[in-house]
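To start, the structure under review is shown below, and the notes come after it.
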Amino acid sequence: MTGATMLAAALLFPVSAQAQGQQGQNGLSNLFGGIFSGPNPAPSQAPPGPGGAQTGAQPWSGEDGASGHPLMTAAAIREAAGNFDNCVAGMWPDAARRNITQENFQRFTAGLSPDLRIMDLMDSQPEFTKSIWDYLDILVNDNRLAKGKEVLAKYKAQFDATEKAYGVDRYIIAAIWGIESNYSTQMGDRSVLQSTATLACVGRRQAYFKDEFLSALEILNRGDLRPEQMRGSWAGAFGPTQFMPTAFKRFAVDGDGDGRRDVVDNASDLIASTANNLKKDGWQSGQTWGFEVVVPQGFNYMLADRAKAMTIAQWEKLGLKRATNQPFPHPAEKAYLLAPAGAQGPGFLMLQNFRVIMKYNPAEAYAMAIGHFADRLRGGQPFVQPWPRQERELSRGERLELQQLLVQRGFYKGTPDGQFGGQTRDALRNFQASIGVPADGFASSDALDRLRGR
């Protein structure tokens with residue numbers, strides 16, 4: 001992986017990105033590919049050498065994984081790696097049940113060897129996080145917008161056909177393409193077969209990745225793609241919009257009728273398959289993803305919860321209004337309030353299509369970047385309200401301390417781990433409400449200082 005998932009996992013809304021195989025849908029392998037480099041950097045990994053091993057790649061550290069899982073100890077990793085050939089060969093009966101020919105099984109698995117560097121990437125725990133505003137600044141920029149408009153013009157016929165067939169907004173598809181792979185310029189360069197075989201036989205997610213490995217073999221057996229096309233993240237996500245092999249099986253379609261589902265090099269198939277994914281996940285045609293809103297002072301931020309959806313008309317009665325001062329087009333639509341920077345930043349009413357984008361990758365920050373980028377490609381303007389850029393994002397150690405202090409005060413019932421999810425935000429909101437400050441759940445340095453008693 002070229003730094004994508006590790007940084008994505010360190011967002012203000014930490015999740016395990018789908019490229020890591022934690023959620024089991026699409027992969028987010030190269031979300032940050034090219035952010036800190038030019039448009040055509042050198043591949044993150046050298047091509048496979050003899051026997052399928054990566055040559056010139058950074059080696060495995062030889063250390064225990066940070067997760068503490070028994071299968072991630074150095075001894076367990078070495079033992080599993082020593083049994084790798086037997087593990088792969090032992091999957092033949094499962095492959096046969098999937099109608100993979102024995103000839104193809106032997107051809108595609110010949111010479112595979114484990115890429116143990118993946119174990120370090122799988123268990124990495126970034127020390128620092130990205131604030132939501134830095135995240136958006138990085139992803140929604142002028143260069144990517146210009147490239148996106150070129151892609152929309154170049155493939156207008158394909159987008160027209162897909163929009164007519166699936167009812168999915170072309171700008172959302174173009175945004176996913178741009179953010180996932182910087183428009184096909186950074187898709188990762190690890191062998192999908194090697195990566196998924198490694199993870200199917202070594203480490204803490206073997207059952208999940210066994211399905212991914214066998215699904216990759218099915219794709220090759222059917223002839224949709226060639227092995228050299230299936231290169232991507234360390235977790236097996238590939239192509240410009242980063243499909244995991246199992247997601248390819250569920251969603252890939254033949255957009256141009258040539259008999260193959262080529263989501264790597266065929267724009268018709270790529271665009272149609274991405275649209276089919278979103279449609280099957282519940283995309284509502286003709287609807288947007290959400291609205292930037294002004295939240296009134298004194299608002300009860302305990303209502304800023306994904307589980308507390310109300311109609312837009314009900315939100316209006318509580319004092320929320322669009323930041324652009326325009327009326328809401330469909331007041332009867334249900335939405336939930338997201339306040340990603342707490343009371344100091346803008347609010348957003350999120351609709352059904354926002355939830356659909358989150359099925360593609362379950363990070364609110366990711367879904368917001370996709371939605372906002374799509375709006376900008378459509379000709380929309382930047383967000384109206386300022387972000388609290390004076391706020392310093394907490395380090396992992398500080399987040400861990402914050403959770404521990406919430407535990408001591410009886411607000412947090414989970415196990416402190418330095419990662420913030422809904423349970424931590426709820427605990428922080430309850431603490432803030434108890435001391436009479438806006439209960440926005442925003443993990444700021446001020447919130448930490450108050451917990452410290454300063």
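Positions are given from 1 along the sequence.
The distance from atom CG of D265 to atom CZ of R226, rounded to the nearest 0.5 Å, is 6.5 Å. The structure places OG of S215 at 8.5 Å from CZ of R250, a figure rounded to the nearest 0.5 Å. Residue N221 holds its CG atom at 9.0 Å from CZ of R107, rounded to the nearest 0.5 Å. Rounding to the nearest 0.5 angstrom, the gap separating the CD atom in Q404 from the CG atom in L451 is 11.5 Å.
Between R260 and D269, the shortest heavy-atom distance links the atoms O-OD2, 2.9 Å.
No side-chain N or O of W283 forms a donor-acceptor pair with one of D169 less than 3.5 Å apart. There is a side-chain donor-acceptor pair under 3.5 Å between E180 and Y366.
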Check against side chain to side chain donor-acceptor pair (under 3.5 Å), S61 and D120: CA-CA 7 Å; S61 68; D120 292 328; 2.7 Å; yes
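At most 12 non-hydrogen atoms from other residues, nucleotides or ligands lie less than 6.0 angstrom from CD of E79. When the shell of 6.0 Å around NZ of K249 is examined, it contains more than 12 heavy atoms from other residues, nucleotides or ligands. Other residues, nucleotides and ligands place more than 12 heavy atoms under 6.0 Å from the CG atom of D449.
Residues T198 and Q194 meet the side-chain proximity criterion, which asks for heavy atoms closer than 4.5 Å.
Not a single salt bridge (Lys or Arg N to Asp or Glu O under 4.0 Å) links D64 to another residue, sequence neighbours left out.
Ion pairing of R392 with E398 is present here, as a side-chain N (NZ or NE/NH1/NH2) and a carboxylate O approach within less than 4.0 Å. Under 4.0 Å is where a charged nitrogen must lie from a carboxylate oxygen, and between R170 and D160 at least one such pair does.
Below 30°, between 30° and 60°, or above 60°: for W387 and F348 the angle between ring planes is below 30°, a parallel geometry.
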